[in-house]
Asks: 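For reference, the structure I am asking about is given below.
The analysis underlying the following values was restricted to heavy atoms, covering all of them including side chains, and did not include hydrogens, waters or symmetry mates. These figures come from a predicted structure and were not determined experimentally. We count ligands from 1, going down the list as the structure has it; atoms in each ligand are counted the same way.
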Amino acid sequence: MPKPLSAQTIQLVKQSVPALAANGADITRRMYSLLFQDDHIRELFNHANQGEGGSQVKALAAAILAYAQNIENLSALLPVVERIAHKHIGYHILPEHYPYVANALLAAIKDVLGDAATNELLEAWGEAYWFLADILKEREADIRSQLESQQGGWTGWRAFRIEKKTRESSVVTSFVLRPVDGGLVARHKPGQYLTVRLTLSDGRTVKRNYSLSNAPNENAYRISVKRESTGQGASRYLHDAAEVGTILEATPPAGDFYLPDEPQNPVVLLSGGVGFTPMVSILETIASEYPEIETHFVHGALNGQTHAMDRHVRTLASQHGRATVKTFYSEPLGEDAAGYSHDHDGFITVPWLENNTPFDSADFYLCGPKPFLAALVGGLTKAGIPSNRIHYEFFGPTEDLLAA
Ligand SMILES: Cc1cc2nc3c(=O)[nH]c(=O)nc-3n(C[C@H](O)[C@H](O)[C@H](O)COP(=O)(O)OP(=O)(O)OC[C@H]3O[C@@H](n4cnc5c(N)ncnc54)[C@H](O)[C@@H]3O)c2cc1C
Ligand code: HEM
């Protein structure tokens with residue numbers, strides 16, 4: 001832990017919160033235009049995804065503002081620190097990158113607040129920034145050293161070859177990735193994601209997170225990708241252009257959403273749409289390693305055509321013996337019939353979970369689109385499930401999720 005912040009710094013940072021919040025958008029814009037003057041810093045970010053108005057771009061500035069608002073209660077930020085540190089590992093952010101953000105942030109505060117940005121205030125912000133930066137750097141150093149010492153582990157970008165491409169549904173295709181160097185891979189934690197760097201057909205390079213959909217192992221990773229018809233095209237490239245033999249790069253598995261090493265409670269896996277991917281990794285792990293853990297795999301899909309990996313999931317559940325599978329279709333097609341192709345029409349609801357899962361003892365793992373998470377994370381919380389039994393992943397920037 002770095003040296004505690006002085007009382008004066010806390011006071012000054014706190015006093016500046018209203019002005020920063022009122023000018024948040026301007027400060028963010030200014031900060032990024034300064035930060036991205038440096039090409040090598042610009043390249044660390046995920047431009048194809050963002051543009052300067054993009055929500056992921058705002059995440060860093062929003063985190064800094066949230067930090068200022070919580071400066072007297074920093075323990076509230078610890079879960080966020082863990083999530084950010086893993087994100088940074090995925091994007092290969094190193095200690096030497098931190099001064100660039102410090103300089104851009106302080107210069108942006110100065111430019112936007114004008115005379116109100118006294119030297120005293122800027123010094124306080126500098127101290128506060130480095131306090132948070134040091135916590136992140138320390139945690140990131142720990143994760144990196146663990147990855148370096150782990151069998152098959154590495155840091156930074158490593159080349160992988162697509163070994164297998166499998167259509168899982170009308171919208172989802174899986175890719176098995178093996179290192180080009182022929183070495184082993186680091187065992188991931190079931191639920192974690194890989195960050196991949198792709199060069200699209202038009203030459204643009206993009207970085208994307210994909211949850212691993214297979215159980216931890218030393219040989220290969222599998223990702224399962226939904227084709228998005230709009231957007232910058234990473235998923236379209238993977239579906240339409242990438243083939244067996246295509247090379248892409250990846251940083252090691254990261255992410256703070258995973259099944260713990262020794263699960264104790266029953267497990268309820270709740271997914272919507274392509275959010276099934278980390279759940280399949282968890283279910284594969286439970287099926288092979290934890291025969292005693294009661295498990296419920298509950299999935300919501302649009303219909304039978306978009307529903308991926310159903311047979312695989314049911315096979316895993318029957319091998320396990322103490323796992324159930326229930327599926328909900330929100331837009332069933334003519335050929336879909338509740339009781340045959342799927343279990344229920346409509347959406348997964350909290351009352352259904354109360355009646356059909358070990359509600360009072362289970363750990364709930366959730367992943368899906370924003371409305372799915374908003375309804376179920378909110379609903380479980382309202383129904384009295386403590387936050388330490390609700391774990392969720394979201395396939396986008398935290399900023400977007402919080403807005404929902
Ligand atoms: C931790 C994590 C795990 C993930 N795991 C998976 C997975 O297992 N499988 C999977 O398929 N995907 C996963 N994703 C999502 C994945 O990273 C990509 O976002 C996805 O493949 C779409 O990429 P794309 O380039 O095709 O489209 P994008 O360019 O990312 O666009 C996707 C959609 O967002 C919209 N959009 C793009 N930019 C903006 C913007 N600035 N504002 C508003 N809307 C915008 C687009 O119109 C489009 O509808 C994961 C994401 C995260 C963060
Ligand atoms: C105290 C300092 C920092 C804070 C508080 C911070 C905060 C954040 C947050 C909140 C996210 C989004 C996480 C999510 O969506 O879950 C993020 C992602 C990211 N951060 Fe940081 N960050 C800091 C420093 C840095 C530095 C120094 C760099 C590099 C110069 C950097 C580069 C990135 C990148 C590349 C991402 C991934 C998002 C993307 O562009 O797609 N961050 N950070």
Asks: Kindly assign one of parallel, tilted or perpendicular to the pair F328 and H344, based on the angle between their ring planes and the thresholds 30° and 60°.
Replies: tilted
Asks: Indicate whether any N or O donor in one side chain lies under 3.5 Å from an N or O acceptor in the other, for T195 and N209.
Replies: yes
Asks: Are K87 and Y193 in a cation-pi contact, defined as NZ or CZ under 6.0 Å from the six-membered ring centre and within 45° of the axis?
Replies: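 The answer is yes, since K87 meets both limits relative to Y193.
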Asks: What part of Y98, side chain from CB on, backbone N/CA/C/O, both or neither, has a heavy atom under 4.0 Å from ligand 2?
Replies: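 Looking at Y98 and ligand 2, atoms from backbone and side chain both fall under 4.0 Å.
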Asks: Between H239 and ligand 1, which residue portion shows a heavy-atom distance shorter than 4.0 Å: side chain, backbone, both, or neither?
Replies: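 Answer for H239: neither.
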Asks: Should the proximity of R83 to ligand 2, defined as any heavy atom under 4.0 Å, be assigned to the side chain, the backbone, both, or neither?
Replies: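 Under 4.0 Å from ligand 2, R83 contributes side-chain atoms alone.
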Asks: Is it the side chain, the backbone, both or neither of T277 that has a heavy atom closer than 4.0 Å to ligand 1?
Replies: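 Side chain only; the backbone of T277 stays clear of ligand 1.
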Asks: If you count the atoms of ligand 2 from 1 in the order shown, which ones are under 4.0 Å from a heavy atom of K87?
Replies: 13 (C), 14 (C), 16 (O)
Asks: For residues 259-270, tabulate all N or O donor-acceptor pairs below 3.5 Å that involve a side-chain atom, not counting sequence neighbours.
Replies:
unit_1: Q264; atom_1: NE2; unit_2: E262; atom_2: O; d: 3.1
unit_1: N265; atom_1: ND2; unit_2: D363; atom_2: OD2; d: 3.2

Asks: As a check for students: among N209, V280, I223, identify the option with a heavy atom nearest to atom 53 (C) of ligand 1.
Replies: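 Minimum heavy-atom distance to atom 53 (C) of ligand 1 goes to N209.
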Asks: Can you label the angle between the Y98 ring and the Y129 ring as parallel, tilted or perpendicular, going by 30° and 60°?
Replies: tilted
Asks: Report the member of A254, S213, A234 with the shortest heavy-atom distance to atom 25 (O) of ligand 1.
Replies: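 It is A234 that holds the nearest heavy atom.
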Asks: Do H296 and T324 have a side chain donor and acceptor closer than 3.5 Å?
Replies: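 Side-chain D/A pair, H296 to T324: present.
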Asks: Can you tell me how far apart CG (L177) and OH (Y210) are? Round to the nearest 0.5 Å.
Replies: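 Rounded to the nearest 0.5 Å, the CG-OH separation comes to 11.0 Å.
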Asks: Need the ligand 2 atom indices (1-based, order shown) with element for anything under 4.0 Å from a heavy-atom of I93.
Replies: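 Per the distance check, 26 (C), 28 (C), 29 (C), 32 (C), 35 (C).
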Asks: Under a 4.0 Å heavy-atom limit, does V274 contact ligand 1 with its side chain, its backbone, both, or neither?
Replies: side chain
Asks: Which atoms of ligand 2 have any heavy atom of H97 under 4.0 Å away?
Replies: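 Matching atoms, with element in brackets: 27 (C), 29 (C), 30 (C).
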Asks: Of F257, Y237, Y210, F394, which has the heavy atom at the shortest distance from atom 20 (C) of ligand 1?
Replies: Y210
Asks: Between A301 and T306, what is the shortest heavy-atom contact and its length?
Replies: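 Where A301 meets T306 most closely, the heavy atoms are CB-OG1, 4.3 Å.
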Asks: Within the 3.5 Å criterion, strictly below it, is a donor on S235 or E228 matched to an acceptor on the partner's side chain?
Replies: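 No, because no side-chain N or O of S235 sits under 3.5 Å from a partner of the opposite role on E228.
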Asks: Using a heavy-atom cut-off of under 4.0 Å, does the side chain or the backbone of L136 touch ligand 2, or both, or neither?
Replies: side chain
Asks: Under 4.0 Å, heavy atoms only, figure out whether ligand 2 is touched by the backbone of H88, its side chain, both or neither.
Replies: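 Near ligand 2, H88 shows its side chain, while the N, CA, C and O stay back.
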Asks: Specify side chain, backbone, both or neither for K226, according to which of its non-hydrogen atoms lie closer than 4.0 Å to ligand 1.
Replies: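 The part of K226 near ligand 1 is both the backbone and the side chain.
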Asks: Which residue from R236, R222, R208 reaches closest to atom 18 (C) of ligand 1 through any of its heavy atoms?
Replies: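 Checking each option, the heavy atom nearest atom 18 (C) of ligand 1 is found in R208.
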Asks: Please confirm whether Y129 comes under 4.0 Å of ligand 2, counting heavy atoms of the residue only.
Replies: yes
Asks: For ligand 1, which part of Y193 has a heavy atom less than 4.0 Å away: the side chain, the backbone, both, or neither?
Replies: side chain
